[in-house]
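Shown next, in structure tokens, is the structure this report addresses.
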Amino acid sequence: FLTDAVGKRLQRIEALKGIFIIDYSRSSRPHESEAIQVLKRLVLLFGTKRVTVLAYKNGFANFLSKFTNITSKASELIGVHHMKFMVFDDCAMITGYCETKVYWFNLIFSANLNRSYFENRIDRYILFNNSIDLSNYLVELTDKLKHVYHRLSDNGMFLPPTSDYTIKDLKSHSSISCCDPEFVYLYPCIQMKKFGLTQDSDFLNALFSFSPQIIKKSSAIFMCTGYFNLTKKIKNAILNTRNNWNLLTSSPKSNSFYASKGVTSVIPSLYEFNLLDFSRKASKQKQSLRSFEFVHDKHTFHAKGSLVLF
């Protein structure tokens with residue numbers, strides 16, 4: 001239904017253009033492959049000059065698929081396009097779902113097109129209204145990705161990147177920042193280790209490692225993630241600080257991998273084991289840590305973020 005709305009808008013406004021960026025493996029899941037077919041129909045109706053569809057393909061996962069029976073869902077464990085944002089003119093939205101981007105008149109949209117993401121998923125949505133700097137930043141980032149992602153052609157095939165775009169070219173974009181001095185400062189962080197960009201992990205490691213110096217001991221820190229799989233550095237940083245930590249994550253039943261088949265069926269249990277193991281270590285070190293699980297029969301939990309109360 002989302003692509004239907006976009007299609008109607010494209011019909012109404014001839015000057016409107018849209019860009020969709022998807023993760024190829026995730027959009028190729030058996031029950032979600034309809035997303036690619038819908039995007040192909042949009043390209044067929046409006047042409048590649050008005051509708052651009054880009055796809056991230058994990059080269060190593062594609063290589064393994066030639067020799068093993070690895071599923072598209074399992075290949076996402078190796079690497080996945082996971083950006084989450086929409087841009088509509090001068091408005092930007094940080095969304096919780098993933099895989100596709102659109103923009104109206106430069107309409108960028110990062111979202112999984114599967115209906116379940118709109119009907120039964122608990123997630124975060126943050127709208128930055130009339131935020132020209134942030135919108136321009138996201139549009140420029142998308143323009144950079146055009147050079148390193150596969151592109152859907154008029155004949156329905158994804159063509160590999162043809163330019164000699166380098167990692168250095170992509171990294172040159174990462175220094176852009178934007179802010180509104182009257183209200184809030186925004187420092188976008190990019191995490192694309194394949195291209196040498198680790199801003200997000202670097203920032204979190206620095207924040208939690210130096211928290212004793214920059215955060216009062218009585219402060220509360222809230223961390224929310226649908227999948228509890230922290231890096232070793234962040235785990236150690238949490239265990240070695242004396243802050244009041246609060247963790248919220250998904251229960252196995254509310255995990256989006258719950259009841260899946262094959263190797264991915266064990267993923268919810270692995271995340272829960274990680275949480276229980278980490279909680280035991282925190283208790284042993286007398287760390288102030290409270291952990292919570294979201295449990296619901298009909299909703300999956302996918303919210304993420306950190307909040308520090310000074």
Side-chain angles (χ1 to χ4, degrees), residues 56 58 60 76-85 94-96 98 110 123-124 126 134 137-138 141 144-145 167-168 170-179 184-250 267 270-292 301-310:
Y56 169 73
N58 186 295
F60 184 63
E76 297 167 30
L77 299 175
I78 302 173
V80 65
H81 170 86
H82 215 246
M83 296 182 185
K84 307 168 179 71
F85 62 84
I94 306 302
T95 72
C98 52
S110 174
D123 223 320
R124 57 109 201 264
I126 304 173
L134 180 59
Y137 173 87
L138 295 173
L141 172 61
K144 297 284 187 179
L145 296 180
I167 293 176
K168 182 179 179 181
L170 188 62
K171 290 178 71 173
S172 66
H173 172 270
S174 63
S175 61
I176 298 175
S177 62
C178 51
C179 64
V184 64
Y185 286 86
L186 299 176
Y187 296 96
C189 296
I190 303 174
Q191 185 73 18
M192 299 179 72
K193 193 170 183 179
K194 176 180 178 180
F195 298 103
L197 292 167
T198 57
Q199 296 175 346
D200 192 51
S201 59
D202 292 343
F203 170 76
L204 289 176
N205 287 333
L207 174 64
F208 296 144
S209 296
F210 293 105
S211 58
Q213 288 79 26
I214 62 176
I215 303 173
K216 296 178 181 178
K217 290 185 178 181
S218 59
S219 296
I221 302 177
F222 297 84
M223 180 182 291
C224 180
T225 173
Y227 313 115
F228 189 80
N229 190 28
L230 303 181
T231 65
K232 187 175 181 179
K233 284 186 177 180
I234 292 180
K235 286 182 179 179
N236 289 337
I238 294 175
L239 294 175
N240 293 326
T241 59
R242 297 274 72 92
N243 302 102
N244 297 313
W245 291 87
N246 300 269
L247 304 179
L248 174 61
T249 187
S250 171
I267 290 178
L270 291 176
Y271 285 131
E272 185 177 47
F273 173 81
N274 282 342
L275 179 61
L276 293 174
D277 181 63
F278 184 69
S279 297
R280 282 193 292 266
K281 291 179 180 178
S283 178
K284 187 178 294 185
Q285 295 186 208
K286 297 183 179 180
Q287 171 62 281
S288 177
L289 173 71
R290 297 191 302 169
S291 57
F292 306 88
F301 184 80
H302 201 244
K304 73 284 297 177
S306 297
L307 172 67
V308 179
L309 298 181
F310 291 92

Discussion item. For Lys84 and Lys304: C-alpha separation, side-chain torsions, deciding distance, then whether side chain to side chain contact (heavy atoms under 4.5 Å, CB included) applies.
Written reply: CA-CA 11 Å; Lys84 307 168 179 71; Lys304 73 284 297 177; 3.9 Å; yes
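Contact of the Met192 side chain with the Met83 side chain is registered, since non-hydrogen atoms from C-beta on lie closer than 4.5 Å. Met223 has its side chain within reach of Ile238: a pair of non-hydrogen atoms, C-beta onward, lies under 4.5 Å apart. Between Tyr227 and Asn274, the closest side-chain pair of non-hydrogen atoms is not below 4.5 Å. Taking 4.5 Å as the limit, every side-chain heavy atom of Asn244 sits out of range of all side-chain heavy atoms of Ile221.
We find the SG-CG distance between Cys189 and Leu204 to be 7.5 Å, quoted to the nearest 0.5 Å.
A donor-acceptor pair is defined here as one N or O able to donate and one able to accept, closer than 3.5 Å; such a pair exists between the side chain of Asn240 and the backbone of Asn236. A donor-acceptor pair is defined here as one N or O able to donate and one able to accept, closer than 3.5 Å; such a pair exists between the side chain of Ser279 and the backbone of Leu275.
Of all the heavy atoms in Thr249 and Gly226, the pair that sits closest is OG1-O, 3.6 Å. When all heavy atoms are compared, the tightest approach of Thr198 to Lys193 is CG2-CG, 4.0 Å. The minimum heavy-atom distance linking Lys233 with Asn205 is given by the pair CB-OD1, 3.6 Å.
No more than 12 heavy-atom neighbours from other residues, nucleotides or ligands sit within 6.0 angstrom of NZ on Lys281.
When the side chain to side chain donor-acceptor pair (under 3.5 Å) test is applied to Gln191, the partners found at least two apart in sequence or on another chain are Ser201. Every residue two or more places apart in sequence or in another chain that forms a side-chain contact (heavy atoms from CB on, under 4.5 Å) with Phe222 is listed here: Ala220, Asn246, Leu307, Leu309. Listed by chain and residue number, Cys224, Phe292, Phe301 satisfy the side-chain contact (heavy atoms from CB on, under 4.5 Å) test with Leu248 (two or more places apart in sequence, or in another chain). Under the rule for a side-chain contact (heavy atoms from CB on, under 4.5 Å), the partners of Leu270 that lie at least two apart in sequence or sit in another chain are Val266. Thr231 meets the side chain to side chain donor-acceptor pair (under 3.5 Å) test with no other residue; sequence neighbours excluded. Taking the side-chain contact (heavy atoms from CB on, under 4.5 Å) definition, one finds that Gln287 meets it with Thr241, Arg242, Trp245, Ala282, Leu289, sequence neighbours left out.
Ring centroids of Phe228 and Tyr271 are separated by 6.0 Å or more, keeping the two rings apart.
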